[in-house]
Amino acid sequence: MPGIKQSISMSSLSSIDRSDVGMSYLTQCTKNSATSSQTQREDGHSAGIQQRNAHTTDTYKRDASGNLLHKKKKRKRHLITANLTGTRYEVVRQMAEKVGFTITREDDMLSYVIWNDSFISMERISELKPYQKINHFPGMAEVTRKDNLARNFMKIQKSLPEDFGFVPKTWILPAEHGQLQNYAKELKARKKMKTFIIKPSNGAQGHGIILHRNAEKIPPTEHFIVQQYIDKPLLLDGYKFDLRVYVLVTSTDPLRVFLFNDGLVRLSTEKYLPPHESNLNRLYMHLTNYSVNKHNEHYEKSSSVDSGSKRSIRYLNDFLRKNDIDVAKLWRKISDMIVKTMLVAQPHVLHSYRMCRPGSSHGADSVCFEVLGFDVLIDGKLKPWLLEINRSPSFNTDERIDYDIKSALIEDTFRLLNIKQSDKRRNLAAQKAEAQKRLFRTGKKVEVDITEIEKHKVSIERRKEELKELLSRVRKTAAREEFENKNCGRFRRIFPCEDKARQEKYCSLLSSSFSVFMGGRGTTMQKEIQITYNNKYREDDILDMIAECEADEKEGKVFTGAGTRPRLPKPLMSMPECGVTAQDDEEDDDDEASENFSPPLTANSGRHASFSPTSRSRSQSLSSVQRADGHSSQKSPGSQPNSDNVKTALRSGSNTSDETNLEQHAQGSRSRSHSRMSTTQHSATVLQKSDDNILLSMVKEREEELTHKTLNALNEMRIKFPGKTDQEADILLDKV
Ligand code: ADP
């Protein structure tokens, strides 16, 4: 390859530093035009500050002798601010400005976006305000450090070798030196020869990497890993190459992963030959790192899309297509590999994230995001191998190709983060509401000798609250998806994925991942996984369920003891899978019910009631529910998911016809719930009603007492209201 002559000895490779790069393409492009951000950084001021200062209003005041005084008054502006002092990449700064962010000073700890090239402590993450976003997740090192990646994959491969066999066999030194020796002996016995690559556990840019043919001679050096060398890679023009694939994680609670539709193809600079004792030290042949190969005299800067030592993934796809390779299939495999890797990371990342953000509710805006660089090697059989994951991929823009890809990546990342000026205010309000809710919850703990009826009422309330939370979660997810679909740019969401079968498979793998890494605690995640990622609830179904609760509440049906158990809606988490009783459906004597529901099934048949196609939303309701024994389970493939399960859950605990007869559902255009009072039971219910009224008034009295206690507690706590003095706060509280 012709190119810039710049020779360097192999021994000096290890001393190459990231900063040791030529003038970047970006700098060249922007040097003469002296970009605003560049200039602003040099004189210590950011665009944001200048812009903000520009937004002032003039006011005039007279002094004692009547002279007009000119006073500049700052007008409060809500700007989306970005603190980028932690990154050395100019392209990040440029894209931040392009999307309209205002770049702030180093000491601005409250900016909306914080971008840092290096590690962020958990403490820093826990200090973030809910509207802020920082570009790293805690716990991600579990897959971004080579030794951690190897350890975690070893664990999961034990349970699921078929699904996670895309990381080359790896040994962590010195702990697994013995196993490596055994493997070497095994190979020797089978007269097989393999090559091994030895890398520093926390290395990067090809530093300190060597190849070995005889594993028996590899010393147990600390902080190194040994990996089986993939010796038959796919070649491009005779050169070995690897891919730098960019992945964006916008949230871990819930997990959302996006794949960028372009990236870099990095070629080695010496034609590839299978490893042999004589060529093991030729790193320009065996390593594909830009940081290594740029020092070879044969390194070729890319002048067009189809030449040079760095090319784009788009180019590679075209090239492969022309060579009759199924590109879509290859990318399905790569995407699958990425998702599975994120599923391995998820227990660690979620755990760390929740430790940092204990008060944050599920589905709340994430304060972290991360752009990860996956290094992928494709072998001659078109199998992708995961070599490593970089949590701070280089955003150097030495060549035009770098700039084109990385600027698009960062711009789309900023856009997908969905940062709005109103986030600050909204989050403040949400925080306040949450604090009040917590206070209210504490108030409820005052219930000391609560009666059965009260328990019943409280239980319905809780159920309703739970449903409302679920409703808000479903709505939030829908809104989030709508935003993502409109604003994903060159990203494609790969988890959760649209393909239902694949998504189910991912959910099952995620459950396994939690079990492998969290042990017993992992099992508590199973239900959450199903509800979060495999949820078939629709808004309609939840509204129906809420309406049912409200009907119960209005009716004031209470447990009167003797012989019957209270017909309580059970919490969502413990829905029985097949608790639809014969009576439940037999008693659906209403026209609409008989229209929408198929004939009843017996309670003990273990089958589910099915729906006619007219009840669309219902038929999509539950996919996974809880068995009566408390274990969550997937529905059998033959069974129709339907909201009868939901209704059954609402009625759970009511195995007798008496209880189901008492059921009355809410009415209204949305709700398709019905009154179901059987005539045989009617008179008994009427008698019961008068008792109910007395009991209801008792409940009401008790409720008032509790409210009183809560208000007293509030008063004692001297709640602070933002922007109000203590006196004003007192007045407000008095009003309450
Ligand atoms: P670093 O973080 O130092 O870049 P990598 O694991 O990415 O370390 O390895 C550097 C390069 O070495 C890769 O880009 C690839 O070309 C080559 N390489 C690494 N591991 C293997 C492997 N198991 N088989 C073949 N080549 C490998």
Side-chain angles (χ1 to χ4, degrees), residues 10 13-18 20 141 143-151 153-154 165-173 180 183 193-213 215 218 223-236 238-246 263-276 279-296 299 309-311 313 316 337 341 372-381 383-394 396:
M10 294 302 284
L13 280 176
S14 58
S15 61
I16 298 162
D17 181 55
R18 260 178 204 233
D20 180 27
V143 288
T144 56
R145 261 188 71 114
K146 291 183 181 74
D147 49 355
N148 289 346
L149 180 81
R151 188 175 302 113
F153 268 79
M154 234 159 339
F166 49 81
V167 172
K169 215 183 247 295
T170 310
W171 296 266
I172 302 166
L173 297 184
L180 175 67
Y183 185 67
M193 193 53 134
K194 295 254 184 218
T195 307
F196 299 88
I197 184 165
I198 307 168
K199 323 181 203 182
S201 302
N202 202 18
Q205 301 186 326
H207 289 180
I209 293 184
I210 50 170
L211 268 66
H212 235 288
R213 290 282 276 176
I218 296 174
H223 308 304
F224 272 82
I225 60 148
V226 178
Q227 200 168 68
Q228 196 145 300
Y229 188 71
I230 309 298
D231 56 5
K232 291 187 186 79
L234 187 67
L235 302 180
L236 196 59
Y239 295 93
K240 175 177 172 177
F241 67 91
D242 78 346
L243 308 181
R244 165 55 58 86
V245 181
Y246 295 104
L264 293 170
V265 178
R266 299 164 312 178
L267 283 80
S268 60
T269 43
E270 232 180 82
K271 290 228 172 186
Y272 187 76
L273 291 172
H276 183 268
N279 67 26
L280 290 185
N281 61 351
R282 286 161 73 175
L283 298 187
Y284 293 144
M285 175 192 284
H286 292 293
L287 304 194
T288 52
N289 302 74
Y290 163 70
S291 44
V292 169
N293 284 283
K294 71 178 178 181
H295 297 290
N296 186 359
Y299 184 85
S309 302
K310 240 187 234 177
R311 301 185 198 176
I313 282 179
L316 178 75
M337 180 178 88
T341 306
L372 298 166
F374 277 66
D375 289 351
V376 180
L377 187 78
I378 303 168
D379 71 14
K381 289 182 180 163
K383 172 177 169 145
W385 292 90
L386 176 64
L387 298 185
E388 74 154 341
I389 305 162
N390 292 276
R391 66 182 320 188
S392 274
S394 163
N396 274 324

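We count ligands from 1, going down the list as the structure has it; atoms in each ligand are counted the same way. As the structure is a prediction and not an experimental result, all values here were calculated from the model.
- Side-chain rings of Y299 and Y284 stay apart, their centers remaining 6.0 Å or farther from each other.
- A donor and an acceptor atom, one from each side chain of T195 and R213, are located under 3.5 Å apart.
- Between F153 and F166, the ring centre distance stays below 6.0 Å.
- Under the rule for a side-chain hydrogen bond (donor to acceptor under 3.5 Å, both in side chains), H223 has no partner lying at least two apart in sequence or in another chain.
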Where does ligand 1 get N/O contacts under 3.5 Å from the protein, atom by atom?
from, atom 1, to, atom 2, distance (Å)
ligand 1, 2 (O), K146, NZ, 2.8
ligand 1, 2 (O), E388, OE1, 3.3
ligand 1, 2 (O), E388, OE2, 2.3
ligand 1, 3 (O), Q205, N, 3.3
ligand 1, 3 (O), G206, N, 2.7
ligand 1, 4 (O), G206, N, 3.4
ligand 1, 4 (O), N289, ND2, 2.6
ligand 1, 6 (O), K199, NZ, 2.6
ligand 1, 7 (O), E388, OE2, 3.2
ligand 1, 14 (O), D242, OD2, 3.1
ligand 1, 14 (O), T288, OG1, 2.8
ligand 1, 16 (O), T288, N, 3.1
ligand 1, 16 (O), T288, OG1, 2.7
ligand 1, 20 (N), K199, NZ, 2.9
ligand 1, 23 (N), Q227, OE1, 3.0
ligand 1, 23 (N), Q228, O, 3.0
ligand 1, 24 (N), I230, N, 2.8
ligand 1, 26 (N), K240, NZ, 2.9

| field | side-chain contact (heavy atoms from CB on, under 4.5 Å) between V226 and L173, worked out | value | CA-CA 7 Å; V226 178; L173 297 184; 3.5 Å; yes
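- There is a side-chain donor-acceptor pair under 3.5 Å between R151 and N148.
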